[in-house]
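The analysis underlying the following values was restricted to heavy atoms, covering all of them including side chains, and did not include hydrogens, waters or symmetry mates. Model, not experiment: these values are computed from the prediction.
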Amino acid sequence: MPTEAAAALPVLDDLRPRTVTDQIYDALYERVINLSLPPGAKLSEAEVAAQMGVSRQPVRDAFYRLSQLGFILIRPQRATVVTLISEEAIRQAFFIRLALEIACIREAVHKLTPGHHDALAGLIARQQAAIEADDRGGFHALDDQFHHDICAYSGLEFVWTLVKDNKGHMDRARWLSLSYNARNAMEEHKVILSALRERDEDKAVAAIGLHLSRINETLERLRAEQPDMLGH
């Protein structure tokens, strides 16, 4: 028998709409990741509230969430600014993502069906079209979908949720590299898919490891070419 308190609790609606704060957070998060709001950009609660037609409180709450993730620095009585791209945060995100996706790819080798393989091949074809159209945003989304779908097809979609929650700092660096690195990423996706089709676990693990480790080369290039974007 449920307790009296438990019996009185409502059933939550998993499809409930996002709050105003959620929507503001998502909009700002996307702009920080794709560098529409680059490191050093100033943010104003009042201006964001006015542009989005909302009160300042949900903007303040969204700012707080972004600051907790290390994407903005809130300075009382001074301008709030977008932080530099943190090398330390990228290394931490890479460690988490590598461990999770290697574990997932080991499962995917044995669980994915030929239909799943064909769907992933379709995604790669769409990635190539995005590259040819110089659609960096489209490629970035399709890149994420490739990794998401491997997790989902393996029955491990929660793994992608964990990856997504931790990869934001990597994504800022990745976005800067898309102009020269998107095609490399796509070719590496082909190698990953080939290993999945062959059900070769060692090859798949090596392929995903090499693919994700490319972030280290990206960091080296950023240090040389855009050091003003990076912080420790």
> May I ask you to say whether Arg214 pairs ionically with Glu217, meaning some side-chain N is under 4.0 Å from a carboxylate O?
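Yes, charged N to carboxylate O under 4.0 Å.
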
> Tell me, with the steps shown, if Asp26 and Arg31 meet salt bridge (charged side-chain N to carboxylate O under 4.0 Å, His left out).
CA-CA 9 Å; Asp26 288 346; Arg31 284 158 179 77; over 6 Å; no

> Establish, yes or no, whether the cationic atom of Arg221 lies under 6.0 Å from the six-membered ring centre of Tyr180 and within 45° of the ring axis.
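Checked: cation-pi criterion met.
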
> Starting from the C-alpha separation in whole Å, work towards a yes-or-no answer on side chain to side chain contact (heavy atoms under 4.5 Å, CB included) for Glu101 and Trp160.
CA-CA 8 Å; Glu101 291 208 44; Trp160 180 252; 4.0 Å; yes

> Would you say that more than 12 heavy atoms from the other residues, nucleotides or ligands in this model lie under 6.0 Å from the CZ of Arg75, or not?
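Counting neighbours around CZ of Arg75, more than 12 heavy atoms of other residues, nucleotides or ligands fall under 6.0 Å, so yes.
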
> Quick check: do Ile33 and Glu30 have side-chain heavy atoms less than 4.5 Å from each other?
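A side-chain contact under 4.5 Å is absent here.
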
> Any salt bridge between Arg136 and Asp143, counting N to O under 4.0 Å?
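Between Asp143 and Arg136 there is no salt bridge, as every charged N stays at least 4.0 Å from the carboxylate O atoms.
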
> Let me see the working for Glu198 and Ser194 under side-chain hydrogen bond (donor to acceptor under 3.5 Å, both in side chains), right down to the final yes or no.
CA-CA 6 Å; Glu198 295 167 14; Ser194 175; 3.0 Å; yes

> Cluster question for you: counting only ILVMFWY and a side-chain heavy-atom cut-off of under 4.5 Å, with indirect links fine, are Leu112 and Val163 together?
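Leu112 does not cluster with Val163.
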
> Would you check, one step at a time, whether the test salt bridge (charged side-chain N to carboxylate O under 4.0 Å, His left out) holds for Arg174 with Asp144?
CA-CA 12 Å; Arg174 284 175 59 217; Asp144 275 359; 3.7 Å; yes

> Would you sort out whether Asp171 and His140 count as a side chain to side chain contact (heavy atoms under 4.5 Å, CB included), showing the intermediate values?
CA-CA 9 Å; Asp171 283 345; His140 182 80; 3.8 Å; yes

> Do Tyr153 and Lys111 touch side chain to side chain, with heavy atoms closer than 4.5 Å?
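No. Closest side-chain heavy atoms not under 4.5 Å.
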
> Before accepting this row, confirm whether a basic side-chain N of the pair Lys190/Glu187 lies closer than 4.0 Å to the acidic partner's carboxylate O.
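Glu187 and Lys190: salt-bridged.
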
> Between Gln127 and Leu142, is there a donor-acceptor pair closer than 3.5 Å when you use the side chain of the first and the backbone of the second?
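Here the side-chain-to-backbone pair exists.
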
> Would you sort out whether Leu176 and Ile85 count as a side chain to side chain contact (heavy atoms under 4.5 Å, CB included), showing the intermediate values?
CA-CA 11 Å; Leu176 282 171; Ile85 298 172; 3.7 Å; yes

> Hey, mind stepping through Tyr64 and Gln68 against side chain to side chain contact (heavy atoms under 4.5 Å, CB included) and telling me if it holds?
CA-CA 6 Å; Tyr64 176 75; Gln68 291 298 102; 3.5 Å; yes

> Report the C-alpha separation of Arg97 and Asp165 in whole Å, then their side-chain angles, then the decisive distance to 0.1 Å, and conclude whether the salt bridge (charged side-chain N to carboxylate O under 4.0 Å, His left out) test is met.
CA-CA 10 Å; Arg97 184 171 185 182; Asp165 287 346; over 6 Å; no

> Does any non-hydrogen side-chain atom of Leu196 lie less than 4.5 Å from one of Val109?
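Counting from C-beta outward, Val109 and Leu196 do come under 4.5 Å.
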
> Do we see a donor-acceptor contact under 3.5 Å between the side chains of His110 and Glu201?
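Present: a donor and an acceptor within the cut-off.
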
> Look only at the side chain of Asp135 and the backbone of Ile131, and say whether a donor-acceptor pair between them is shorter than 3.5 Å.
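Flag not set: sc Asp135 to bb Ile131 has no pair under 3.5 Å.
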
> Would Thr161 and Glu157 count as having a side-chain donor-acceptor pair, cut-off 3.5 Å?
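Short answer, no.
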
> Is there a donor-acceptor pair under 3.5 Å between the side chain of Thr83 and the backbone N or O of Phe71?
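Yes: the side chain of Thr83 pairs with the backbone of Phe71.
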
> Strictly by modelled atom types, are Asn216 and Ser213 linked by a side-chain donor-acceptor pair under 3.5 Å?
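There is no such pair (donor and acceptor under 3.5 Å, judged by atom type) between the side chains of Asn216 and Ser213.
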
> To the closest 0.5 Å, what do you measure between CG (Asp61) and OH (Tyr25)?
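Answer rounded to 0.5 Å: 13.0 Å.
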
> Can a donor-acceptor pair be found, under 3.5 Å and without considering hydrogens, that links the side chain of His211 to the backbone of Ile208?
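Looks like no, no N/O pair under 3.5 Å.
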
> Just by distance, no angles: are the side chains of Asn184 and Glu188 close enough, under 3.5 Å, to form a donor-acceptor pair?
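Asn184 vs Glu188: no donor-acceptor pair found between side chains.
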
